[in-house]
Q: 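Can you keep this structure in mind? I'll have questions shortly.
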Amino acid sequence: MNIKQAKEHIKNSVHLYLKKDEFGDYRIPVVRQRPIFLLGSPGIGKTAIMEQIAQELGIALVSYSMTHHTRQSALGLPFITHKNYKGMEFDISEYTMSEIIASIYEVMEHSGIEEGILFLDEINCVSETLAPSMLQFLQYKVFGRHKVPEGWVIVTAGNPPEYNKSVREFDVVTMDRMKLVEVEADYATWKEYAAKQGIHNAVTTYLDMKKSDFYRVEMNVGGKSYVTARGWEDLSATILLCEEENLPVDETLVAQYLHNEKIVKEFTAYYELYNKYKKDYKVEEILDGTNSAQVVERARIAKFDERLSLLGMVLDKLESEMKENLDTADYLSELMRILKAMRTAAEKTGKDVLTLIHQQIEARNQLLESMAMAGTLSTEEKRKSRTIVQFLEAREKQLRLEGNGEPANSSSLGENDKNKEDTSAFALLKAAFDKEVAAMRAENEKIQSRLHNVFAFSEVAFMDGNEMTVLVTELTVNTYSARFIGTYGSADYQRHNEDLMLGERQDDILQEIERLAL
């Protein structure tokens, strides 16, 4: 299965393991909750999906790479304790709590989250001295004398033997106590992930044309060469920063992430060509609808790979704007909920606005800290929460400067005066909120206009070619463009999508006629 299917399978398994009956007992007893063993080639995103699962289920995550552990750190350190058995004195060896088990309790204590996933990576590459203890752990969920707390699901991961010489294959007894999930690299699945992570468009457009270069491990005269999903993602992050700092991206840099000489040369050459296309076509003018006839003509006579690169650049810019606009809408929706709750609290409790704002800031910061400690804080949630805090802090400062929202002095102010003061403070909050909503809506209208311009350009430059199919397909499969169009609509998208669907139905009919020999 691919990594997306593996994620859903593991997520469903964790959900079932944590399901309780009416008495609060787990429906699947802990002894029957088999550890999950995620087996797949390196660098395909095994660790990333565990973070996503924890975030989506709202549970904690503790991760360890077992290659970094010795027997002592996993089991704990031995110490001598004195015991009395039937009147006889004995000195015996015991062990301190395992660092791994202790980490679980630390997370539970600081985050307040009692359930989670214990993720142990490189589980089949442990040292020889630790191997017997790991087998015991997988069978009985015990390190030394300390058990994994109830409510914590064990998920492990490892690489097949062909990728790692230090891999130890588990025996039948051990495998029979685990749930095996085998996963393979799949570009189509990774591309969905890449869109959410903001992977550089040069990487995705290159891989669109050369999917076989996405993941490759092979032996050659120089030894083992390899290119992984992790390598592409790390290279993307570096390219983005190099462009910000105006630093060169050459073969030397690319070879630090992609360990295949042929792919390094081809991607570096493509990246140079990509930048040339970006400069020649003036993507921003296409989006604004001010592009020249010469640009349209060049696109019309260009080869398919050049057209594909152009579409990739246009969509990359447009979809990033859609994502930002949707993120802003999500932030404003959450902020509106908070402001309404503050208004209700002010009416019920009589608290002043500044106190309520301060409480909201503290609560939000505490939530961020708790989620970060539990390993369940997504990039989107962190950004949204920090933006909310920034809005509230700015309003708090503004209210203090203007003298609104301060605690009312009952000896000098009557009840009506206090209500007027609170009303004035909420009016200030509403005005600031409305201003951001207006800016978001204006940006939304601009993006819809730019989307129309992309279709208008494509209709003239590509007419009914495959590029229009690519455009509609990319807008459909991209999470943010699909949500943006689904929320706000697009007559151009709807029209071309219906045309393509009609064409597909006609193809299906022709194939069926041919099959029946009618």
Side-chain angles (χ1 to χ4, degrees), residues 1-40 45-64 66 97-98 100-121 123 134-143 146-158 170 173-183 189 192-193 196 366-368 370-378 380-381 479:
M1 65 179 71
N2 61 45
I3 197 71
K4 184 177 180 180
Q5 294 167 331
K7 174 191 169 182
E8 289 305 309
H9 179 85
I10 296 171
K11 181 180 176 181
N12 291 339
S13 296
V14 173
H15 173 72
L16 293 177
Y17 282 171
L18 298 180
K19 195 173 181 63
K20 295 180 179 180
D21 61 20
E22 65 272 24
F23 303 108
D25 296 324
Y26 290 104
R27 295 281 297 276
I28 300 178
V30 176
V31 69
R32 297 295 179 195
Q33 294 182 8
R34 292 188 173 198
I36 300 166
F37 182 30
L38 183 59
L39 182 65
K46 297 189 290 293
T47 304
I49 66 168
M50 300 316 305
E51 296 171 353
Q52 295 166 21
I53 291 170
Q55 291 164 8
E56 291 170 15
L57 292 178
I59 58 178
L61 175 68
V62 172
S63 299
Y64 272 96
M66 295 312 297
M97 180 177 282
S98 160
I100 295 173
I101 303 296
S103 295
I104 296 176
Y105 283 107
E106 287 282 341
V107 168
M108 291 169 65
E109 181 178 349
H110 288 91
S111 70
I113 300 176
E114 297 292 321
E115 295 180 326
I117 296 172
L118 173 59
F119 178 59
L120 303 179
D121 201 5
I123 192 70
M134 286 307 306
L135 297 180
Q136 179 195 35
F137 171 75
L138 293 173
Q139 293 176 23
Y140 304 110
K141 304 179 181 66
V142 173
F143 270 130
H146 304 283
K147 284 188 175 183
V148 174
E150 286 193 3
W152 282 76
V153 177
I154 299 169
V155 181
T156 65
F170 294 132
V173 175
T174 303
M175 290 301 297
D176 191 44
R177 286 175 166 83
M178 296 195 294
K179 291 180 65 172
L180 177 62
V181 179
E182 295 187 76
V183 63
T189 302
E192 294 181 34
Y193 166 82
K196 294 179 181 179
Q366 188 175 359
L367 177 63
L368 278 171
S370 175
M371 292 177 69
M373 182 65 187
T376 59
L377 182 61
S378 67
E380 293 80 6
E381 183 61 35
T479 302

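The structure presented is a predicted model; accordingly, all values stated were derived computationally and were not measured.
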Q: Mind checking the CD-CD spacing from Glu380 to Gln55? Nearest 0.5 Å is all I need.
A: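 If I round to the nearest 0.5 Å, the distance is 7.5 Å.
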Q: The test is side chain to side chain contact (heavy atoms under 4.5 Å, CB included); show your working for Lys179 and Ser13 and say whether it passes.
A: CA-CA 10 Å; Lys179 291 180 65 172; Ser13 296; 2.7 Å; yes
Q: Which heavy atom of Pro149 sits nearest to which heavy atom of Ile104, and what is that distance?
A: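 Closest heavy-atom pair between Pro149 and Ile104: CG-CG2, 3.8 Å.
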Q: Identify every side-chain donor-acceptor pair in residues 23-32 under 3.5 Å, counting partners at least two apart or on other chains, and give the distances.
A:
{"residue": "Tyr26", "atom": "OH", "partner": "Glu115", "partner atom": "OE2", "Å": "2.8"}

Q: Do the side chain of Glu8 and the main chain of Gln5 share a donor and acceptor less than 3.5 angstrom apart?
A: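 Answer holds: no.
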Q: Taking salt bridge (charged side-chain N to carboxylate O under 4.0 Å, His left out) as the definition, give me every residue that meets it alongside Glu150, ordered by chain and number, with sequence neighbours left out.
A: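 Residues passing salt bridge (charged side-chain N to carboxylate O under 4.0 Å, His left out) with Glu150: none at all.
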Q: Nearest 0.5 Å, what's the OG1-CZ distance between Thr156 and Phe37?
A: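 If I round to the nearest 0.5 Å, the distance is 5.5 Å.
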Q: Just verifying a value: how many Å separate Leu38 CG and Lys7 NZ, rounded to the nearest 0.5 Å?
A: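 Leu38 atom CG to Lys7 atom NZ measures 13.0 Å (nearest 0.5 Å).
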Q: What's the shortest heavy-atom distance between His15 and Leu57, and which atoms?
A: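 So the two residues come closest at N-CD1, 4.5 Å.
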Q: Tell me the closest heavy-atom pair linking Ala157 and Asp121, and the distance in Å.
A: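 Reported closest heavy-atom pair: CB-OD1, 3.4 Å.
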Q: Taking the side chain as everything from C-beta on, heavy atoms only, tell me whether Met50 gets closer than 4.5 Å to Ile10.
A: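 Contact flag for Met50/Ile10 side chains = yes.
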Q: Rounded to the nearest 0.5 Å, what's the gap from CD1 on Ile3 to CD1 on Ile49? Could you check?
A: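 Ile3 atom CD1 to Ile49 atom CD1 measures 4.0 Å (nearest 0.5 Å).
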Q: Quick check against the 3.5 Å criterion: does Tyr17 have a side-chain atom that pairs as donor or acceptor with the backbone of Arg34?
A: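 A pair under 3.5 Å: yes.
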Q: Would you say Ile53 and Val155 make side-chain contact, with heavy atoms under 4.5 Å?
A: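 A side-chain contact under 4.5 Å is absent here.
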Q: Looking at every non-hydrogen atom in both residues, tell me the closest pair between Val107 and Trp152 and how far apart they are.
A: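 Residues Val107 and Trp152, closest heavy atoms: CG1-CH2, 4.3 Å.
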Q: For the CG atom of Leu368 and the CD atom of Glu381, what is their distance to the nearest 0.5 Å?
A: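 It is 7.0 Å, given to the nearest 0.5 Å.
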Q: Quick check: are there more than 12 heavy atoms from other residues, nucleotides or ligands sitting under 6.0 Å from NZ of Lys11?
A: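 Atom NZ in Lys11 is packed in, count exceeds 12.
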Q: How far apart are the closest heavy atoms of Glu106 and Met373, and which atoms are they?
A: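 Where Glu106 meets Met373 most closely, the heavy atoms are O-CE, 3.9 Å.
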Q: Give, for atom CD1 of Ile117 and atom CD1 of Ile154, the distance between the pair rounded to the nearest 0.5 Å.
A: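 Going from the CD1 atom of Ile117 to the CD1 atom of Ile154 covers 11.5 Å.
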Q: Side chains of Glu56 and Ser378: does their closest heavy-atom pair fall under 4.5 Å?
A: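 No, side chains not in contact.
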Q: Which heavy-atom pair separates Ser111 from Ala374 by the least distance, and what is that distance?
A: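 Closest heavy-atom pair between Ser111 and Ala374: CB-CB, 3.8 Å.
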Q: For Lys46, which residues count as a salt bridge (charged side-chain N to carboxylate O under 4.0 Å, His left out) partner, sequence neighbours excluded?
A: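 Listed in chain order: nothing, the list is empty.
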